[in-house]
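Sharing a structure, written as structure tokens. Questions coming.
We name chains A, B, ... by the order of the sequence lines, and we start the count at 1 in each one. Note: hydrogens, waters and symmetry copies are ignored here, and every other heavy atom, side chains too, is used.
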Protein chains: 2
Amino acid sequence: MTPTTPRDDEPSSPRSPVVMRDVAKAAGVSVATVSHVVNDNPRARIGQAARERVRRAIEELGYRPNALAKTLVTGSSSFIGLVADAIATTPFAGQIIQGAQDEAWKHGYVLLVANTGGNEAAEEQAIAMMLEHKVRGILYSTWFHRAVTPPAALAETDAVLVGCYSEDSSLQAVVPDEVQGGRTATQLLLDAGHRRIAFINTSHPSPAQTGRLEGYRELLERAGVGYDPALVVEATSDQEGGYEAAMRVLEHDVTAVFCHNDRVAMGLYDAARDRSLRVPDDLAVVGFDDQEVISAHLRPPLTTVALPHYDLGAAGVRLLLGIDEPTAGTARLVACPPVVRSSV
Amino acid sequence: MTPTTPRDDEPSSPRSPVVMRDVAKAAGVSVATVSHVVNDNPRARIGQAARERVRRAIEELGYRPNALAKTLVTGSSSFIGLVADAIATTPFAGQIIQGAQDEAWKHGYVLLVANTGGNEAAEEQAIAMMLEHKVRGILYSTWFHRAVTPPAALAETDAVLVGCYSEDSSLQAVVPDEVQGGRTATQLLLDAGHRRIAFINTSHPSPAQTGRLEGYRELLERAGVGYDPALVVEATSDQEGGYEAAMRVLEHDVTAVFCHNDRVAMGLYDAARDRSLRVPDDLAVVGFDDQEVISAHLRPPLTTVALPHYDLGAAGVRLLLGIDEPTAGTARLVACPPVVRSSV
DNA sequence: ATGAAAGCGCTAACAC
DNA sequence: GTGTTAGCGCTTTCAT
């Protein structure tokens with residue numbers, strides 16, 4: 001009665017090493033049958049009786065299929081890797097993770113995330129680890145829109161760039177539509193009747209810098225208001241920059257300003273208050289990003305244009321899985337929607 | 001010459017199905033030998049020549065070990081699951097992910113993340129999926145400190161609660177030390193010579209509410225200043241709450257106020273400015289959380305107490321892997337450090 | 001010092 | 001309808 005075979009003892013064992021064979025034995029069928037009912041395999045006809053016994057056995061033993069073993073035999077894993085520079089650590093780009101995860105789950109995949117801090121060695125290590133775990137593909141993403149030179153190892157699997165793009169467009173990419181965003185912001189102000197609209201742009205060279213300016217300019221010209229370079233100033237893209245830029249911008253007696261982002265708008269609010277200018281009565285302002293901690297709680301709440309982080313992540317997964325058709329040669333653009341609050 | 005065995009063709013195949021056997025063949029050794037050199041197995045003596053040939057073959061073929069197959073045979077996976085309610089979507093708690101990931105990597109584990117939005121069904125699904133992927137253990141975390149009733153399925157593996165705790169303390173937990181945080185904030189103000197220190201507490205019942213108050217009170221009494229209930233007001237924990245609470249608090253001619261968090265402090269700043277009160281000259285303020293987008297960029301930059309998200313994540317992993325000893329019965333506390341800027 | 005072989009938990013032909 | 005069997009890529013005794 002000494003247990004020489006530690007295999008078939010009670011489920012009193014430390015932790016469920018309950019495998020398919022155990023279920024099969026308990027149900028009095030073969031593992032193949034168990035496999036078929038577990039997977040609802042349509043090409044296999046299993047009798048109601050057996051099916052029921054198997055179900056009960058699974059239930060009673062607390063059986064959990066081993067996804068890894070399954071992957072090994074089917075050859076296709078259910079992992080999608082997400083390597084990010086600073087997404088998890090940055091306020092609000094976390095939505096990329098959420099979008100990617102939701103979309104991945106929808107198709108039976110789970111996310112393997114690695115936040116590398118932009119460190120190249122960490123990136124390589126992360127990608128290597130993902131490759132070794134036989135991921136279905138990798139999403140390589142950045143927390144702000146920019147050009148990148150993707151790690152070479154990405155070529156070993158399917159990969160898509162999210163929130164960034166490679167200059168040689170060797171990889172599929174999905175990025176926010178900065179130009180449309182610039183247009184949207186400007187439209188918001190134009191619609192409210194403003195004609196002298198300043199633009200506090202970022203001083204950081206980037207797709208956002210050129211794209212939003214282009215949208216702003218385009219819409220102003222299209223509306224017959226005309227583009228006045230004097231109304232465009234550059235500043236660092238934070239509260240300090242916005243505060244400081246306000247000096248330069250407000251001397252042009254503008255009635256509205258489009259800010260590069262919400263933080264800049266927050267700085268502008270401060271400056272306006274110092275001058276006893278009321279938002280939106282004396283000065284209308286629209287931000288960008290929709291960084292909710294700020295935008296939703298400024299006084300008055302800020303009307304802004306949202307960066308579609310969630311959609312970026314989701315679109316990345318769809319591209320990766322081939323659900324969305326890749327746009328040839330160029331990055332797929334995702335729209336930046338307006339978020340109307342009370343500052344216009 | 002028709003390829004009946006699709007196995008041994010050139011590496012021209014679409015994507016590296018290079019397996020150990022291929023390496024073995026190329027190096028003229030057995031798979032066992034390859035395995036030994038790949039893992040630097042100390043209990044196996046491999047000749048320099050063979051070792052070298054294997055290394056070269058690996059290099060030339062671009063071989064990547066299959067971590068899943070390895071897991072299958074060794075029985076221990078290298079995954080740690082992180083199920084979060086809203087960490088990835090919340091500004092700044094993302095540091096929990098980062099801390100967990102860094103610590104996990106350090107020990108050869110990779111993170112499987114699932115942000116569930118607090119949805120119970122999603123939680124169960126996430127945990128089930130992690131269990132099926134045979135994770136080493138699961139970190140169950142919340143973006144703000146609170147009591148939870150952990151999903152039952154967590155019992156099927158090792159689990160630790162991060163940023164939350166279960167009332168029946170059935171699971172290990174690691175949470176921020178709210179009391180010490182309250183003391184720290186108060187100390188900052190006391191050190192600057194303040195004696196009439198108000199506290200805008202949150203109106204949301206929580207460990208933060210009671211803990212920080214306790215620390216505040218404790219320190220005030222210890223410092224001989226005494227605790228005056230009139231100086232404590234409650235408010236919603238955002239900018240609006242801070243602005244509104246300012247009314248109630250400033251009529252007690254206090255010289256300093258400890259705010260439940262940075263957002264409340266931001267609201268207080270607004271109110272102070274409306275009254276032409278200068279921070280810190282007329283009013284010293286300290287926040288809590290160190291929500292950097294806000295705290296670092298307020299005018300003046302806010303002195304605050306940081307919520308140790310990163311450490312929480314890292315400590316969670318350490319507890320999970322048994323690197324840190326569990327504190328019996330009660331949750332492990334991690335300190336909230338002061339972050340000195342210019343508002344005191 | 002190196003290799004043959006068994007088997008991890010599972011799926012997928014193919015028998016019966 | 002259900003069982004047998006051959007692997008998936010790898011590690012690991014145990015021979016040699």
Which residue lies more 5' along DNA chain D, comparing A:V31 with A:R45 via nearest heavy atoms: A:R45
Side-chain donor-acceptor pair present, B:E123, B:Y140, cut-off under 3.5 Å: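 There is such a pair (donor and acceptor under 3.5 Å, judged by atom type) between the side chains of B:E123 and B:Y140.
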Sugar-phosphate, base or nothing in reach of B:A44, heavy atoms under 4.0 Å: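 Touches nothing.
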Electrostatic pair B:R56-B:E59, nearest N-O below 4.0 angstrom: no
Separation of C:dA1 P from B:D40 CG (nearest whole Å):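 From B:D40 CG to C:dA1 P: 16 Å.
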Atom of B:L82, atom of B:S141 and distance for their closest heavy-atom approach: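 What the structure gives for the nearest pair is CD1-OG, 3.6 Å.
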Protein-nucleotide distance (B:M20, atom CE; C:dG7, atom P), rounded to Å: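 So the two atoms are 20 Å apart, to the nearest Å.
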CA sep, side-chain torsions, deciding dist, call: A:L112, B:F79, side-chain contact (heavy atoms from CB on, under 4.5 Å): CA-CA 9 Å; A:L112 227 43; B:F79 294 116; 3.8 Å; yes
Whole-Å distance separating the CD atom of A:Q48 from the P atom of D:dG1: 11 Å
B:S78-B:H107 side chain donor-acceptor pair, cut-off 3.5 Å: no
Selection from D:dT2, C:dA4, C:dT11 that lies nearest to any side-chain heavy atom of A:T74: C:dT11
Angle of first-five versus last-five pair axes in the helix from C:dA1-D:dT16 to C:dC16-D:dG1, to 10 degrees: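 Axis-to-axis angle, ends of the helix: 40°.
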Closest to the A:L72 side chain, choosing from C:dG9, C:dC10, D:dC10: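 From the listed options, C:dG9 comes nearest.
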Beyond-backbone contact of A:H145 with A:C164, side-chain heavy atoms, under 4.5 angstrom: no
Under-4.0 Å salt bridge between A:R64 and B:E156: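 Yes, this pair counts.
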Pair B:R318 + B:D311, salt bridge at N-O below 4.0 Å: no
Nearest-angstrom distance from the residue atom CG of B:N66 to P of D:dC8: 12 Å
Below 4.0 Å: OP1/OP2 of D:dT11 and any side-chain N or O of B:N39: yes
B:R53 CZ - C:dT2 P separation (whole Å):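 Value for this atom pair: 8 Å.
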Out of C:dA5, D:dT13, C:dG9, whichever nucleotide has its closest atom nearest the side chain of B:R43: D:dT13
Sugar-phosphate, base or nothing in reach of B:I46, heavy atoms under 4.0 Å: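 Since only primed, P, OP1 and OP2 atoms lie under 4.0 Å of B:I46, the category is sugar-phosphate.
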Euclidean distance, atom CZ of residue A:R21 to atom C1' of C:dT11 [Å, nearest integer]: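 The distance from CZ of A:R21 to C1' of C:dT11 comes to 15 Å, rounded to the nearest Å.
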Whichever of B:A69 and B:T33 has its nearest DNA chain C nucleotide further upstream toward 5': B:T33
Distance below 4.0 Å between B:S35 side-chain N/O and D:dT11 OP1 or OP2: yes
Among C:dA13, D:dG9, C:dT11, the one nearest A:K70 by side-chain distance: C:dT11
Nucleotide nearest B:S30 (side chain, heavy atoms from C-beta), chosen from C:dG3, D:dG3, C:dC8: C:dG3
Out of C:dA1, C:dG3, D:dT4, whichever nucleotide has its closest atom nearest the side chain of B:H36: C:dG3
Atom-to-atom span, NZ of A:K25 to P of D:dT2 - whole angstrom: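 These atoms are roughly 20 Å apart.
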Whole-Å distance separating the CD atom of A:E52 from the P atom of D:dG1: 17 Å
Sugar-phosphate only, base, or nothing, as touched by A:G47 at under 4.0 Å among non-hydrogen atoms: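 The answer is sugar-phosphate, as A:G47 gets under 4.0 Å only of primed atoms, P, OP1 or OP2.
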